[in-house]
Every structure is written in structure tokens, then in C-alpha cells.
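Input: a single structure, listed below in C-alpha cells.
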Amino acid sequence: MAIQKSKGLLGLIGKKKSKSSESDGRKDLKLFEAMRDGEAYGDKELQRSAKDHLWMHFTRHSPYQTKDMTIITRGEGHYLWDSKGNKVIDGLSGLFAVNAGHGHQELADAAARQMMELDYMPLWAYAHPRAIELAERLLSYAPKDLNRIFFTTGGGEAVETAWKIAKQYYKLKGKPTKTKVISRMTAYHGTSHGALSITGIAAMKAMFEPLVPATIRVPNTNWYRSKHLFKTEEEFGIWAANRIEEAILMEGADTVAAFYVEPIQNSGGCFTAHPSYFKRVREICDKYDVIFVADETITGYGRSGEMFASQRYGIEPDMMITAKAITSGTQPLGALFLKEKYFEPFTEGTTILPHGYTFAAHPVACAVALANLDIYDREKLVDNVRTNSPIFRKTLEKLYDLPIVGDVRGDGYFFAIELVKNQETRETFTKEESEKLLRGFLNSAFYEAGLYCRADDRGDPVVQLAPPLTIGPKEFDELEQILRKVLTEAWKRI
Ligand SMILES: Cc1ncc(COP(=O)(O)O)c(C=O)c1O
């Protein structure tokens, strides 16, 4: 939606008599009335209404007492525009989602066509053609042995679903005590109580305790912070995988249902792992009958340089979680892929999985996902990532000449830059310094310099980059220049 520029109409809206008033215990609703009546409005009116009525996710609201919000009004290709007329590069694909870039007419057309053919049906006992077609199409790209799909509306629901299926599966197989989940330190797997229990970020969990019991954390594969302890990354990977075996033995193999891992862990900043890590995890899961769940919410659909990162690293998951880029972010949809083995006990007698979502496999979302995959095939998006990823890495590595850049890591079109106080010693920032650096400066400075990305400190401070899969070397240079300018300025402020 392009907002209508205010033609001094704040006055006009101001004079309008709103049906609601503050005396209702609600701030006025004049903007909605103006929008409905086709009157012009601008940034000022949007700001006031957003501050009065929106509850932003994972966001501090205190700064909005004195500062404006950023209100994004339009997206096209790898660019975004805001309500003040600024244009920025979308360096995060929205939220690791808009892999094919913004504004595809054919996705809009697919949605409109589907709306007129079958606008809605749940997948509760009745199937519909788009879900059937999409399940097959998705499986045609998937790692071997995955044969069945449970649709959700996002990643967290698929995380939750995999756990519930695992618990019921083991009950049906006569192993009712296998209920626990092992996951990795600092990993993010979603916000519902189950998915949050699997998440490994203590600060996100504390206020929601008690959470679902029976989750256990093991080390992640943060090589940058471990390399002084091991000869090779492979040796470190085997060590980290062996901690999973240790945890299984400590808890008792008869109590552990699943191990969840992101092939490239986002939180903490793009932790990759040596393929030996995943091979050893597979061995351990086989040995103790533990379900290997690859959470590809971010890495799925080309981000790593293969359609799924499991294929890139030779991972053979029992279940695979995907979402986000399945529709390039344009419709809410998630898909949990499973081996047939986990479905088989549900085919007998009166057994059902008592679990589902009203909007999962929404026909419009499925139609859009199919059209999105057409774009992937036609524009060879995954090939583009595979070809250009080494150039992207090299371009970002130029930033090592800045003293604040400690590590550039990641794969595909998914990189993190870890910021440090001392490149030699890898000394990190204190909590207070990190707060000042990230929230006090970097996030807004990147945006003002023309780049939407994320500076985050769920682990050590990192800048996260995950642009649309459509870009190439020219845009890498643009990104590098913005990063250089802002990080140079950040160093001066430390
Ligand atoms: C690895 C991973 N799992 C799960 C989720 C949760 O997905 P959603 O926000 O779609 O529920 C995310 C979200 O970013 C994620 O990165």
C-alpha cells in the first residue's frame, strides 16, 4: 500500500468527530475512519495510531515515547520503502522469508485465482487439490526418505507438531517414557510454550516459567569461540556431537524422544558445523532411537545454496521443519516433512493425531507456495546462491580490516559478522557496551545508511545478513560499503 501523502490533512482528520473517544478507555480511532472514508493521511497520522494501538513483537516500546517508529509501506525486489519516503536494501529478506524478493505479480495472481476457486477449507478430514499438489511438489525437492507432510502456519507450530508427533509415536510403539527433547544452547525454535521450551535462550524463557518440562540443552557449534581448544573444526564437531550422546545417557535413552538442530544456527550468529558433526549425530540418534529433527525454518528453500541445508551438509533427518520462504514470506505457511515410519502407527484402527490448525495448508497459501516454487525453478535462485555465495563471503571478509570485526561466518546467503572489542584476543563487549552498541547505535545507523538488517546479542553481538536470493556481486559491494561506513563509526563510539 502506498500511503497517501498528507496534504495538511492532519487538521482535517483532527476536526473529524470520532465515534470513539478516550473516555471509552480507548484512544481515538480517527485514522481508521479517515482511511475508510477515502481521506488522505500521512506519516504523522500513521505514527500516532501505531503508537496508540499496535503491540510490536519482540520490541521495546519505551523509545516510542519520544521517537518515531519505522513504518514500512512498500517492497519491490530487494528494496523496502518507509512512510517517510526512505528506500533501504532488505538485508534480512523481511525475517529470513522473502527469498524470491518483494512484489511478484504472479504470486498475487496465484492468490487471487485460488480465492475465486476455493477460498478456504481446513485440512481436517477433507483434503483439497492445492495441498495435495504442494505436498508432492515439496517432496520432489526434499532429502531422501522424507515422504509425508504435516502443514502448519509457521515454523514454531511445526516445531511444536514434531514434538507432539514424537511423543505420541513412542506411546503407540510401546515406549511411553520417551518424551524429552534435546536441543542446542542459544538456539531459537519459536515462542509457543512447547517451542519455547526447546529454545535455548534463557532470557526469553524466564518470565514464562514453568515451561513444558523435559528439555535438555547441549553445546552448539560455535567454532569461533572454541577453536583455541581443538585442532580442527571436525574434531570440535565430533566433540559437540558426543555431548548429545552424553545427555541421552544421563537422562536415560528410554526418556529421550528427539534432538532438534538448525543446520546453520541463527541465534548467536550463523553457527555452521563440519559435516562430521551431522554424521555423528545421525549415528547417535540411530543408536538410541532418538528422532533427528532438522529445523530448517530459515535454512530451507535455498538459503544455504541447496534447496535444503540438510542436502548441503549430508544430513539425513527423520523430520524436517520448514516455513518462511516456502511462500517467500507472502503467505503464512509451514511444512513439517517426515519419514513414513513416523506416520505408520497412525494408520491403524481408531488412532488419530489429535492436533491441527485452522489455517494450516490454507488453499491460498498453498497456491502461492506453488507459484513461488515456479519462480525458484525459472529464476534458478538456488543456483544463484551456490554460484555467488563465495563472492558474498569474500566481499564481507574485506571488513576484517576494521578492528571491530571479529568473525565473518555462515554459508549461502546467510552470514553473521561477530563484533569484538579486540580482534586478537576475541574479547567481547560487556552487556552494557553491547546494549549501547546495538540498540543505542547500530540498528538505527544501518537503517539510516540504507540497510535493513539486524544487530543482535542473543549470544555475542553479531550483525545478521540474509538478503533475498536474487541479488549478486553488485549488491554485495553496496552492502559492504554500508557495513563499512557504519561499523567504522561504531568503533569510534566505543
Ligand atoms: C529456526 C527457527 N525455528 C522456529 C522459528 C519460529 O518460526 P515462526 O516465527 O514462524 O513460528 C524460527 C523463527 O525465526 C526459527 O528461526
Side-chain angles (χ1 to χ4, degrees), residues 56-59 91-99 150-164 181-201 204-205 208 211-212 215 217 220-221 258-273 278 292-304 308-310 312-313 315 317 319-337 355 357-362 365 368-369 410-416 453-454 456 458-459 462 464-466:
M56 309 288 282
H57 300 205
F58 280 103
T59 302
L92 209 60
S93 302
L95 197 58
F96 313 98
V98 189
N99 285 13
F150 187 100
F151 284 111
T152 64
T153 65
E157 283 179 1
V159 167
E160 195 81 30
T161 301
W163 192 5
K164 289 176 83 173
V181 169
I182 299 174
S183 57
R184 309 200 320 171
M185 303 281 290
T186 330
Y188 177 79
H189 292 285
T191 49
S192 63
H193 274 74
L196 186 60
S197 301
I198 295 172
T199 289
I201 306 166
M204 262 184 207
K205 302 167 79 157
F208 305 115
L211 285 168
V212 185
T215 66
R217 234 63 58 215
N220 56 43
T221 45
F259 169 65
Y260 281 60
V261 59
E262 292 162 89
I264 306 170
Q265 182 174 314
N266 178 42
S267 282
C270 284
F271 299 143
T272 51
F278 296 111
F292 186 156
V293 185
D295 185 349
E296 296 227 24
T297 300
I298 290 178
T299 54
Y301 307 105
R303 174 76 42 213
S304 74
F308 299 103
S310 290
R312 181 151 174 78
Y313 305 123
I315 304 171
M319 299 188 190
M320 184 174 81
I321 290 156
T322 72
K324 291 188 186 277
I326 188 172
T327 60
S328 279
T330 56
Q331 287 285 301
L333 186 65
L336 169 65
F337 295 61
H355 174 77
Y357 300 99
T358 300
F359 292 120
H362 193 293
V368 170
D411 202 5
Y413 273 19
F414 188 26
F415 285 102
C453 65
R454 186 155 84 175
D456 189 72
R458 289 172 187 188
V462 288
Q464 298 173 311
L465 295 165

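Numbers here simply count residues along the sequence, with the first being 1. All ligand and atom numbering here is 1-based and tracks the order in the structure. These numbers come from a predicted model, not from an experiment.
- Under the ring-ring contact (aromatic ring centres under 6.0 Å, His included) criterion, Tyr260 pairs with His189, sequence neighbours left out.
- Phe414 approaches Arg303 most closely through the heavy-atom pair CB-CD, 3.7 Å.
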Check ligand 1 against the protein and report each N/O to N/O distance under 3.5 Å, formatted as atom name, atom name, distance.
residue, atom, partner, partner atom, Å
ligand 1, 3 (N), Asp295, OD1, 3.4
ligand 1, 3 (N), Asp295, OD2, 2.7
ligand 1, 3 (N), Thr297, OG1, 3.3
ligand 1, 7 (O), Gly156, N, 3.1
ligand 1, 10 (O), Gly155, N, 2.8
ligand 1, 11 (O), Gly156, N, 2.7
ligand 1, 14 (O), Lys324, NZ, 3.1

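- Between Tyr301 and Phe308 the shortest side-chain heavy-atom distance falls below 4.5 Å.
- Scanning for side chain to side chain donor-acceptor pair (under 3.5 Å) contacts around Thr199 gives an empty result, with sequence neighbours left out.
- Residues passing the side chain to side chain donor-acceptor pair (under 3.5 Å) test with Ser310, sequence neighbours excluded: Glu296.
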Worked verdict on Arg184 versus Thr186 for side-chain hydrogen bond (donor to acceptor under 3.5 Å, both in side chains): CA-CA 6 Å; Arg184 309 200 320 171; Thr186 330; over 6 Å; no

